[in-house]
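The next block holds one structure in the form of structure tokens; read it before the comments.
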Amino acid sequence: MVKTSSKLRWEVIAGVLVLLTLAMFLVPRLDGMVMGNDTNTILIRASIKEAGGFDKRSIEVNAGEKITFDIYSMDMTHSFIINDDRLESDVDTGPIHTGEHGTVEVVFDEPGEYIFRCGVYCSDLHGAMTGKITVL
Amino acid sequence: MAKINKFRRGNIIFILIILMLLLAPLGISYFIISGQAQKVLRAFELSDEDGEARVIEITASQFQFNPNVIHVDLGEKIIFRVTSTDVMHGFYIDGKDVFAEVPPGETVEIGPLQFNQPGKFKIRCAITCGPLHPFMIADLIVEPDYTLFVFVALTVLTAITVLLYVKTKGREDRILGINRKVKIDVLKRVRIIGPLLKRVLQWRGIHFVLILPNLLFFMLIFATGFFGNPTGNKNFSIAVVWILWFALIEFMIIFASRTWCTMCPLPAVGEWIARRRFIGVHNVRKWFSLNKKWPKSLDNMWIGALSFLVMSLMILWLVTRPVVSAILFLILIVMGTVLYLIVPARHFCRSICPAGAYIGYHSNESIFEVRSRSKAICDAHPGKECIRGSPKGYGCPWKLYPGGNQENTYCGQCYECLKNCPLDNMTIKARMIGEDLPEKAIRTKNNYDESWMGFIRFSLVIFYTLAFFGPYWFLKDWGNMGNAYGANLASINLLTPTMGGFQKWLNWALLVSFVALIAFPAIFYGFSWLARKAAKVKDIPTKDMFGAYSYVLAPFGLTLWIGFAITLILVNWAYPVNAFSDPFGWGWNLFGFKFDWYPIFPHLIPFIQLPLILLGLALAINFTYIISLKFFNGRKPAFRSTAVMTVLYTGSALLFVYLIG
């Protein structure tokens, strides 16, 4: 009798372990933890427009704050550019190859809307690969 | 005791011969080629030191270089002018320290470069430009191509040498001079490891412990395949499965037979439900399932062989689009589970699973087997726990009679028989490559399922080599249905086939199927007919010889696949390694490493592949001779028919040599 229950205990442990493998589906949720939650760093993942373009297409920041854009290329060589007269100089990360990060620091002094786009031809819809930053 | 000594001596000789077979061609060819190269280079030095560099214009686009085969002269100075017509591409040449970026619409000059090693080299894209990026390849042939000449000469020389060997010294029990019949009882004879291994394998938990981590990886494969990066080489589900796993399996077959099936998580869920236990033995008589009988007409490798072929027709999507791989594995795991609950036990693994089919087919070449110590003891023992099960273990889930089993094909190495046997008569044996292949070839010569598995595997290693590492874009484009997008679940709509894409795929599907299912078997049949004529025998039908001879494609094909696997790993090792640190391809770095892509010794890969081709060729010729001896009972007809078949094997080997050299 004792033996049977000890055997059953192992079955239960095994069952729990099997169920725990389902936890792999929760791993995507760790994204925020893995990439860090710095409020002044904005992570943008870039895919070709056909597959969604920039994953953040509407961003709100506060005027006068130093913002770090961390661009990660998912599938192609992309870049991140802002051409706007209100900025001291043009923002350009330069080409960011697939699987790499590129960062750029920007301070927006004037409130308003700024358009950012991809600066390296990446697909037929490259021209439509844009996003909007609203400076409050 | 005498027998053990004999085994050890044979063993050492065997290892030495294998080493020589592997190293000699490598060394010899390299010396000859570099010697020739030096001579030519000296000639160049005398005549033309500061000659003008030749400019070669190349356009790069998704996913091809144009021209895709480039000829240059030995010692010539070359400037490559590479223009990208679409996205950012890279430019890398095997054996040269060149990594160039080619931005969209721009032209980049690379060089001047001088080519001092003759042979065929690959120009590869070095910046991920889409799903098929790893296969964006052009051939650079440095002429005169001494490498190819030497490779061809060595191939023909190997064929002649082995033919001469079988003519003068060939014996039924010898393979390349080694006694193929000696085996070593690992569990009894090998000190320390043997008894330890026995205890581990008799422990009921071992199966579960091996499956659990693989199940974990499988869940990760589903998660990454459906939700991760749509680009294959940045995604765990592609990089780890189709580079690391795929390559390791080819090696595992040689050294450990179907050990993958021991730890495969695909049928595990069904097995656990049917047994109502993860570890223990519950009811060995009745599975928790519908307990239907598997139809006898399906109890073979036909479906498995065809599903491997169908998988291969989709291979260019399968190994580049994570979501396609995830869907395939989902289908397989659902099928494995459902089938287990309708027809226990491992019929899915025996007859349906594409990997199970080809691993099983090649596992007869393994140096590893699970067998009874003495079949007589098993036959005389009325209990037959290995079939019926006992409180210690289930009856063979693979529906074999383990005591009388004579081949590896359908033994999934679950070790239930090892746990069951009250007479301690089951064991693991180490043996020579293809120890029982000739006997099996004769025994199952009229079961053509495995013959066609052989034709499919042999044809496909050539198609895979062409499609993945060859320069011909049209073939890749056909298989890829003209689609330029990677895809996960969210972007699966990008894979919607177009009419033109479907037509392209039809070309690929028809070509591959025709060669694998009809053309190659027909040629093989033709040669079997010639072999029968040459042997001057009347009482043996051609189809028997055709069926039996086809089994020599198992060792031959396997060595070619190992050669393919080596390329895969040496060139693309960085992708699976990085995938552990960043499984979803989202820019994570869990373990603090991220390697840049660079191939290891890419210019030496042909020199590693050649010995494997020659080993396969030698084994094929020798096995053909042994099978012929069994057919004809005479050395002369056996030699004549072997000589005819050798022409076919050498031709096939030369085709592969041409692709790599």
Side-chain angles (χ1 to χ4, degrees), chain A residues 3-4 6-31 33-36 43-52 55 70-79 94-102 118-124 126, chain B residues 84 86-90 101 103-105 127-131 133 204-205 208 211-213 215-224 226-231 233-234 265 268-269 272 276-280 484-488 490-491 493-494 578 582-590 594 597:
Chain A
K3 216 180 159 193
T4 316
S6 100
K7 268 184 182 171
L8 265 178
R9 193 170 65 217
W10 282 111
E11 297 292 340
V12 171
I13 292 172
V16 170
L17 287 174
V18 166
L19 284 179
L20 277 180
T21 63
L22 288 172
M24 280 293 149
F25 285 95
L26 298 177
V27 175
R29 307 239 163 219
L30 300 179
D31 195 24
M33 209 176 84
V34 174
M35 299 310 301
L43 173 72
I44 302 176
R45 293 198 172 98
S47 308
I48 54 172
K49 185 66 187 169
E50 285 86 341
D55 70 340
D70 177 4
I71 316 297
Y72 176 76
S73 278
M74 298 277 281
D75 53 0
M76 209 66 78
T77 303
H78 297 286
S79 75
I96 306 163
H97 298 315
T98 313
E100 284 171 18
H101 292 269
C118 170
V120 179
Y121 178 82
C122 54
S123 76
D124 291 344
H126 160 68
Chain B
S84 164
D86 45 32
V87 301
M88 176 83 79
H89 291 286
E101 282 183 19
I127 291 165
T128 303
C129 57
H133 151 75
R204 275 228 63 87
F208 181 82
I211 289 174
L212 191 68
L215 188 71
L216 193 80
F217 282 131
F218 246 71
M219 293 302 169
L220 188 59
I221 284 165
F222 285 129
T224 53
F226 282 124
F227 307 112
N229 193 317
T231 307
N233 60 1
K234 300 286 173 237
V269 179
W272 291 333
R276 280 171 285 175
R277 287 292 181 277
F278 290 103
I279 296 166
Y485 306 115
N488 59 15
S491 54
N493 60 309
L494 292 177
N578 288 344
D582 183 12
F584 287 85
W586 286 343
W588 294 7
N589 197 340
L590 294 176
K594 182 170 179 298
W597 173 86

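The sequence lines fix the lettering, A, B, ..., with proteins before strands; numbering per chain opens at 1. Since we're looking at a predicted model, the values are computed, not measured.
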Using non-hydrogen atoms and a 4.5 Å limit, figure out which bit of V18(A) sits close to chain B: side chain, backbone, both or neither. both
Side-chain contact, heavy-atom cut-off 4.5 Å: K594(B) with E100(A)? yes
Determine the option with the most heavy-atom pairs under 4.5 angstrom with chain B, choosing from S123(A), A23(A), P28(A). P28(A)
Proximity breakdown for L216(B) and chain A, heavy-atom pairs closer than 4.5 Å: both
So which of S491(B), G587(B), A223(B) has the largest heavy-atom pair count under 4.5 angstrom toward chain A? G587(B)
Going from CH2 on W597(B) to NE2 on H97(A), what distance comes out if it is rounded to the nearest 0.5 angstrom? 13.0 Å
When the 4.5 angstrom heavy-atom criterion is applied to D31(A) and chain B, the contacting part is both
Counting heavy-atom pairs closer than 4.5 Å to chain A, which one of H89(B), E101(B), H133(B) comes out on top? E101(B)
Taking the inter-plane angle between the rings of F222(B) and F25(A) on a 0 to 90° scale, is it parallel (under 30°), tilted (30 to 60°) or perpendicular (over 60°)? parallel
Can you say whether Y72(A) sits under 4.5 Å from chain B via the side chain, the backbone, both, or neither, judging by heavy atoms? side chain
What distance do K234(B) atom NZ and T98(A) atom OG1 have between them, rounded to the nearest 0.5 Å? 6.5 Å
To the nearest 0.5 Å, what is the distance between CE (M74(A)) and CZ (F584(B))? 11.0 Å
I'd like to know if the side chain of R45(A) and the backbone of W586(B) have a donor-acceptor N/O pair within less than 3.5 Å. yes
Give the member of I279(B), I211(B), T224(B) that has the highest number of heavy-atom pairs under 4.5 Å with chain A. I279(B)
Least distance between heavy atoms, M24(A) atom then L220(B) atom: SD-CD1, 3.6 Å
Below 4.5 Å, heavy-atom pairs only: which of D124(A), T77(A), L22(A), V34(A) has the largest tally toward chain B? V34(A)
Distance (rounded to the nearest 0.5 Å) between L20(A) CG and L215(B) CG: 11.0 Å
How many angstroms lie between atom CH2 of W10(A) and atom CZ of F278(B), to the nearest 0.5 angstrom? 14.0 Å
Please flag which part of F226(B) lies under 4.5 Å from any non-hydrogen atom of chain A: side chain, backbone, both or neither. neither
Just wondering, do P104(B) and V120(A) contact through their side chains at under 4.5 Å, heavy atoms? yes
So what's closer than 4.5 Å to chain A heavy atoms on D582(B): side chain, backbone, both or neither? side chain
Heavy-atom closest contact (C122(A) atom, V87(B) atom, distance): O-CG1, 3.3 Å
Is L43(A) close to chain B through its backbone or its side chain, or both, or neither, when contacts mean heavy atoms under 4.5 Å? neither
Heavy-atom closest contact (W588(B) atom, M35(A) atom, distance): CD1-SD, 3.4 Å
Where is the tightest heavy-atom contact between E50(A) and Y485(B), given as atom of each residue plus distance? OE2-OH, 3.4 Å
May I ask you to test the Y121(A)-M88(B) pair for a side-chain heavy-atom distance under 4.5 Å? no
